[in-house]
Amino acid sequence: MSSSTNSFDLIYQVVREIPAGRVTSYGAIAAYLGMKGGARMVGWAMNASHTIADIPAHRVVNRNGVLTGKNFFGGDRMEELLASEGIRVQDDQILAFKSHFWDPSIELL
DNA sequence: ACGGTGACGTCTG
DNA sequence: ACAGACGCCACCG
């Protein structure tokens with residue numbers, strides 16, 4: 001329980017449920033949690049997840065399919081991880097992002 | 001205790 | 001169509 005961060009834990013749960021080869025957006029997670037527009041907070045959770053290895057934050061990108069936080073992974077680590085899962089990334093942008101998109105409110109429903 | 005900031009998203013002009 | 005501003009919640013100084 002470590003109820004230090006209620007919403008944080010919720011976000012981690014969702015991100016952790018993201019299957020390999022799939023990606024989701026901050027807004028999708030925020031909306032799933034009921035915080036529409038609180039996408040910023042989701043990004044913050046990812047920032048904290050940076051210290052946790054159980055959180056595949058590299059599967060979380062912005063609505064444009066752009067690896068906004070790849071800079072935080074330490075270079076192209078994020079791109080390598082995604083490519084390793086079969087996701088093509090070019091110019092910090094995921095190709096066929098929509099095809100790899102994973103919506104928690106639908107898949108996790 | 002308060003204000004500013006932050007890996008975004010959506011609306012309006 | 002593009003650009004700018006606002007809003008959400010939590011952490012840090």
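Quick note on labels: first sequence line is chain A, next is B, and so on, each numbered from 1.
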Can you pull out the residues from residues 63-89 of chain A that lie within a 4.0 Å heavy-atom distance of DNA chain B? A:R63, A:T68, A:G69, A:F72, A:F73
Using a strict heavy-atom distance below 4.0 Å, which residues from residues 14-49 of chain A are in contact with DNA chain C?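 A:G37, A:G38, A:R40, A:M41, in order of number.
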Of the non-hydrogen atoms in A:A28 and A:P104, which two are nearest, and what is the gap between them?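 The pair with the smallest heavy-atom distance is O-CG, 3.8 Å.
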I need the minimum non-hydrogen distance between A:Y12 and A:A45, along with the two atoms involved. OH-O, 3.2 Å
Please give the distance between the P atoms of B:dT5 and C:dA5 as a whole number of Å. 15 Å
Quick one: name the residues clustered hydrophobically with A:L81, using the 4.5 Å side-chain heavy-atom rule over I, L, V, M, F, W, Y, and just say none if it's on its own.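 Other cluster members: A:V23, A:V61, A:L67, A:F73, A:M78, A:L82, A:I87, A:V89, A:I94, A:F97, A:F101.
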Euclidean distance, atom CD1 of residue A:I11 to atom C1' of C:dC11 [Å, nearest integer]: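 It is 13 Å, rounded to the nearest whole Å.
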Walk me through whether A:M41 and A:I11 qualify under side-chain contact (heavy atoms from CB on, under 4.5 Å). CA-CA 9 Å; A:M41 202 221 70; A:I11 295 168; 2.8 Å; yes
Please report the interatomic distance CZ(A:F72) to CE(A:M46), rounded to the nearest 0.5 Å. 13.0 Å
Quick one: CG on A:D92 to CG on A:D76, what's the gap to the nearest 0.5 Å? 7.0 Å
As a quick check of understanding, evaluate salt bridge (Lys or Arg N to Asp or Glu O under 4.0 Å) for A:D54 and A:R16, giving each step before the final call. CA-CA 7 Å; A:D54 286 23; A:R16 217 182 280 164; 5.1 Å; no
Salt-bridge criterion met for A:E85 and A:R59 (N-O under 4.0 Å):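 A:R59 and A:E85: salt-bridged.
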